Amino acid sequence: MPELPEVESIKRSLSSNIVGQKLENYKIYDHRTNRYNTKKPTIKESLSGISRKGKLLIFDFEHYSIIFHLGMSGRIQVNDKKNKHTRARFYFDKDTVNFDDIRRFGFINIIKAELKIDYLNKIGPDVLEISTKQSRIIIDKSKKSKSLIKDFILNQKYMSGIGNIYANEILFASRIHPETKVNALSSNNWKDFFNNTKKIMRLAIKNNGTTLSDMTYFLPYGEFGSNQNFLKIYSKTNCFNCEHIIDKIYINQRATYFCRKCQKLKN
DNA sequence: GAATGAACCTGCCAGC
DNA sequence: TGCTGGCAGGTTCATT
């Protein structure tokens with residue numbers, strides 16, 4: 001499932017090859033992938049850069065930005081044949097970029113370049129870039145919330161980039177029970193949380209992201225990620241630290257793994 | 001305004 | 001063998 005590290009890995013892989021190329025044409029085949037676009041502007045410009053915020057991947061042109069959200073099963077493929085899951089194709093002067101998405105949770109949004117900042121400001125700060133000031137704002141918001149920590153950190157309006165797999169990993173590393181009310185967290189909990197988030201995300205980027213057994217995620221040129229070898233709690237049966245049996249519960253319909261010995265509930 | 005839950009979507013797998 | 005139901009989960013929208 002593409003979360004921050006997977007999107008960042010895709011961005012890095014594409015940047016060295018596609019940036020600078022001129023977009024000649026593009027096609028979006030699937031109405032659901034295209035659900036937020038009202039127009040199909042002609043973009044015959046060079047790709048000036050590729051950026052990312054949270055789980056969003058952005059192709060930057062002089063007058064337009066093409067925003068990709070990969071959803072659960074979206075991926076970017078370079079110079080691959082069109083297949084039944086190809087939802088869009090971008091024809092650059094040298095290479096062709098496919099947007100494939102089996103489950104069609106992803107989307108492509110084409111906006112004018114000057115609207116990009118406002119668009120991205122609708123989601124919270126990227127968890128790799130959170131400043132001290134931004135972390136204080138997040139903690140202030142948490143004090144007014146009755147949500148569970150697991151729900152809170154998955155909500156992209158507070159902070160962006162964390163998905164279900166890394167939420168489990170970060171809470172385990174921070175020894176926070178996923179059902180802890182967010183307003184009950186101490187300042188030390190938050191300090192651990194922010195530190196572990198950056199640590200876990202950086203390691204996952206170094207490993208090119210996490211490719212689970214369903215093999216849904218891989219990089220634009222076909223390489224798999226290797227961070228699945230470094231997961232400590234997600235989809236595991238015994239605790240990495242104490243060998244205790246790991247509990248699996250559902251919070252907001254999402255699989256949640258935790259060790260009741262290492263992550264005590266303090267509400 | 002915040003919290004909650006359903007809907008969207010497809011491939012895979014277990015059970016019958 | 002073939003069918004059915006459950007599961008995976010990010011986001012939006014409707015409801016409470």
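Keep in mind the model is a prediction, meaning the values are calculated, not measured. Computed over heavy atoms, backbone and side chain alike; hydrogens, waters and symmetry mates excluded. In what follows, chains carry the letters A, B, and so on, assigned in the order in which the sequence lines appear, proteins first and then strands, with residues in each chain numbered from 1.
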Touch class at under 4.0 angstrom, heavy-atom based, for A:Tyr217 against every strand present: nothing
Does the Lys NZ or Arg CZ of A:Lys232 fall within the cation-pi geometry relative to A:Phe172 - under 6.0 Å from the ring centre and within 45° of the axis? no
State whether A:Tyr250 places a side-chain N or O below 4.0 Å from either non-bridging phosphate oxygen (OP1 or OP2) of C:dG9. no
So which one's nearest nucleotide on DNA chain C is more toward 5', A:Ile165 or A:Tyr36? A:Ile165
Could you tell me whether A:Lys84 contacts a base, only the sugar-phosphate backbone, or nothing, with contacts defined as non-hydrogen atoms closer than 4.0 Å? sugar-phosphate
A:His31 or A:Ser145, whichever maps to the more 5' nucleotide of DNA chain B: A:Ser145
salt_bridge(A:Lys116, A:Asp60) N-O dist < 4.0 Å: yes
Report the distance from atom CG of A:Asn252 to atom P of B:dG5, rounded to the nearest whole Å. 7 Å
Mind calculating the distance between CG (A:Asp151) and C1' (C:dT11) to the nearest angstrom? 14 Å
Figure out the NE2/P separation between A:His69 and C:dT11, and round it to whole Å. 3 Å
At under 4.0 Å, does any side-chain N or O of A:His85 touch on OP1 or OP2 of B:dC9? no
Would you indicate what A:Thr216 reaches in the nucleic acid, counting non-hydrogen atoms under 4.0 angstrom: base, sugar-phosphate, or nothing? nothing
NZ of A:Lys150 versus P of B:dA3: gap in Å, rounded? 17 Å
Examine C:dT11: is either OP1 or OP2 under 4.0 Å from a nitrogen or oxygen in the side chain of A:Lys55? Give yes or no. yes
Any side-chain heavy atom of A:Arg75 within less than 4.5 Å of one from A:Phe218? yes
A:Phe152 near the nucleic acid: base, sugar-phosphate alone, or nothing, with a heavy-atom cut-off under 4.0 Å? nothing
With the side chain defined as heavy atoms from C-beta on, A:Gln253 is closest, among C:dT11, B:dA3, B:dA6, to B:dA6
Phosphate contact (C:dG9 OP1 or OP2) by A:Tyr234 side-chain N/O below 4.0 Å: yes
Whole angstrom value for the distance that separates P of C:dC7 from CZ of A:Phe105: 15 Å
Just so I know, are the side chains of A:Leu47 and A:Phe90 near enough to count as touching, which here means a heavy-atom distance under 4.5 Å? no
Flag yes if more than 12 heavy atoms outside A:Ile249 fall under 6.0 Å of its CD1 atom; otherwise flag no. yes
Rounded distance (Å) that lies between atom C1' of B:dC9 and atom CZ of A:Phe99: 13 Å
Could you check how far NZ of A:Lys143 sits from P of B:dA2, rounded to whole Å? 17 Å
Base, sugar-phosphate alone, or nothing: which one does A:Lys122 contact when heavy atoms must sit under 4.0 Å apart? nothing
A:Tyr29 six-ring face occupied by A:Lys82 cation (under 6.0 Å, within 45°): yes
Can you tell me how far C1' of C:dA8 sits from CD1 of A:Ile102, to the nearest Å? 12 Å
What about A:Arg254: does its side chain form a donor-acceptor pair under 3.5 Å with the base of C:dA8? no
Among C:dA8, B:dA2, B:dC8, which nucleotide sits nearest the side chain of A:Lys157? B:dA2
Check every strand shown and say whether A:Lys144 touches a base, only sugar-phosphate, or nothing at a heavy-atom separation below 4.0 Å. nothing
Which residue lies toward the 5' end of DNA chain B, A:Ser147 or A:Asp101, if each is placed at its nearest nucleotide? A:Ser147
